[in-house]
Amino acid sequence: MKICVLGAGVIGLTTAWCLAEAGHDVIIIDRHASTAKEASAANGAQLSYAFVAPLASPATLKKLPSLLLSRDSPMRIRARLDPALIAWGALFLLACRPAAVRETMSAQLALAALSRSELTRLTQSLHLSFGLRTAGKLVIHRSARDFKAACRSVAATGEEPGQQILSAAECLALVPALQFDAAQFAGGIFTASEQVGDCAAFCAALTVRLRQRSNVAWLLDTSIFGPVRCGDKLVAVHTGKGQVAADHFVLCMGAASAAFARACGFYLPIYPLKGYSITLTRPPDARVLRHSITDMERKLVFAPLARDGRSAVRIAGIADLERNDMTLDGRRIDILRRAAAELLGLDAAGDIAPWCGLRPATPDSRPIIGWSPLDGLFINSGHGMLGWTLACGSARLTADMIERNRPASETGAFALRRAA
Ligand SMILES: Cc1cc2nc3c(=O)[nH]c(=O)nc-3n(C[C@H](O)[C@H](O)[C@H](O)COP(=O)(O)OP(=O)(O)OC[C@H]3O[C@@H](n4cnc5c(N)ncnc54)[C@H](O)[C@@H]3O)c2cc1C
């Protein structure tokens, strides 16, 4: 079959690889001249297999007013009158129900496990080099109440091998670079099996392998404008370089997927959640940051990276709801700079490679993987905060489901129409 992959971020590239491996003729279209130029370019670098908690939860609901009103809050809304945000927000509130959260957690953990084994398989079989390392992750909790809840959650799900609950003093012994004293935070959860890796470097390495395949064609530097339908079937897409026809299409356009779905005549609950990162190359204290760290309360991640043979620290976070605005707001970058100094004593005054990207977020944080209501269009999008972690498993599911060719009415944990 000829299958057209719409979008060449980490989701589109891994999808293209699995489809090409299955023997299909694949064509990849993207508006940029090279791959992974949007949300996959400089993300938090954490492969977060054990921490898949959704943003929507009873705890988030309680904190929502303070989260949205404080000036330095990691979340901000600047698109209050946007009808798309209102529709998305209503679904977000529903997704805060404890039963919905439990369902999301179990679906995401299974997808994360599949992703981990698929990433290992691809890395080894294709000899991909992108700084993959089992660095372990420490999630620190400032408030005693949140820490207790996290400990309960570890006890409830806690089969992750090597996961430990640590007191504040034990956290400081594990990460001596932490600038706290033990009285300033409650404790942490350390998961030795968690990994880090540079998503952009992975995409670049996978692009090289895709270019070596005779059954993969490219249309880069090419904008996708909309669908070409024949009745209820998608038969081609309009692009800046003319119409591109195929037997099937896979929608991997990240935060722009919702607009393409709208042009196809159906609602896709994906909204852009803008985040920021900075990358400190060769920081003086990089050698002491062996593990990645998540500051749960401030929703910030710190990951040790290897870039061009040099050590680096990536600091990422923030979740702003402001439509598709891609302005790099210096005040949001300052939050990351300050966090680098306050948490790890890192000097973020020099070259910090400031970046922002739009996470394609669904209300319940689960990606949408399944056939769309439009015949011929499959969706693999909406991976939100965990697209790097979940990419390889999502691509595997996509290739398998396209092979089975089930109808759009199917339900399941990742279907557009989730089971109630
Ligand atoms: C600050 C931040 C930190 C993050 N940290 C982590 C982390 O630590 N771990 C983790 O697992 N995930 C993390 N993520 C999430 C992860 O980066 C995303 O979920 C993932 O990159 C989404 O990939 P994608 O391929 O769906 O989207 P994208 O990478 O945005 O790709 C979509 C592609 O579609 C193309 N496209 C869109 N519209 C058109 C059009 N009209 N015509 C042609 N092409 C088009 C774009 O050019 C783009 O290349 C983070 C994200 C951010 C923003």
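Quick caveat: nothing in here was measured; it's all calculated off a predicted structure.
Comment: Arg332 engages Asp320 in a salt bridge, judged by a side-chain N to carboxylate O separation of less than 4.0 angstrom. Residues Arg76 and Asp329 are paired through a salt bridge, judged by an N-O separation under 4.0 Å between the basic side chain and the carboxylate. Under 4.0 Å is where a charged nitrogen must lie from a carboxylate oxygen, and between Lys63 and Glu297 no such pair does. In summary, Asp334 and Arg337 engage in a salt bridge, as defined by a charged side-chain N under 4.0 Å from a carboxylate O.
One side chain, Asp325 or Thr327, offers a donor N or O that lies under 3.5 Å from an acceptor on the other. Side-chain contact of Ser57 with Thr60: a donor-acceptor pair under 3.5 Å is present, judged by distance alone. Side chains of His32 and Glu38: a donor-acceptor N/O pair is present below 3.5 angstrom, by distance only. Side-chain polar atoms of Thr207 and Thr35 form a donor-acceptor pair below 3.5 angstrom.
Between Leu300 and Leu336, some side-chain heavy-atom pair lies under the 4.5 Å cut-off.
Identified under the side chain to side chain donor-acceptor pair (under 3.5 Å) test for residues 130-140, with sequence neighbours left out: Gln46-Lys137, Ser48-Lys137, Thr134-Gln195. Within the structure, ring-ring contact (aromatic ring centres under 6.0 Å, His included) pairs that include any residue of residues 102-136 comprise Phe130-Phe202, Phe130-Trp388 (at least two apart or interchain).
Atom NZ of Lys62 is surrounded by 12 or fewer heavy atoms from other residues, nucleotides or ligands within 6.0 Å.
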Under the side chain to side chain contact (heavy atoms under 4.5 Å, CB included) criterion, do Ser193 and Arg116 qualify, and how do the steps go? CA-CA 11 Å; Ser193 55; Arg116 184 181 191 128; 4.1 Å; yes
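Under the side chain to side chain contact (heavy atoms under 4.5 Å, CB included) criterion, Ala319 pairs with Met75, Leu273, Arg359, not counting sequence neighbours. Here Arg338 pairs with Asp72 under the salt bridge (charged side-chain N to carboxylate O under 4.0 Å, His left out) rule; sequence neighbours left out. In this structure, Ala306 has no side chain to side chain contact (heavy atoms under 4.5 Å, CB included) partners at least two apart in sequence or on a different chain. Partners of Thr14 under the side chain to side chain donor-acceptor pair (under 3.5 Å) rule, at least two apart in sequence or in another chain, do not exist in this structure. Taking the side chain to side chain contact (heavy atoms under 4.5 Å, CB included) definition, one finds that Ala22 meets it with His24, Glu403, sequence neighbours left out. Listed by chain and residue number, nothing satisfies the ring pair (Phe, Tyr, Trp, His ring centres under 6.0 Å) test with Trp17 (two or more places apart in sequence, or in another chain). With sequence neighbours left out, Arg145 forms a salt bridge (charged side-chain N to carboxylate O under 4.0 Å, His left out) with no residue at all. Residues passing the side chain to side chain contact (heavy atoms under 4.5 Å, CB included) test with Arg121, sequence neighbours excluded: Glu21, Glu118, Arg396. Residues meeting the ring pair (Phe, Tyr, Trp, His ring centres under 6.0 Å) test with Phe266, sequence neighbours left out: none. When the ring pair (Phe, Tyr, Trp, His ring centres under 6.0 Å) test is applied to Phe92, the partners found at least two apart in sequence or on another chain are Trp88.
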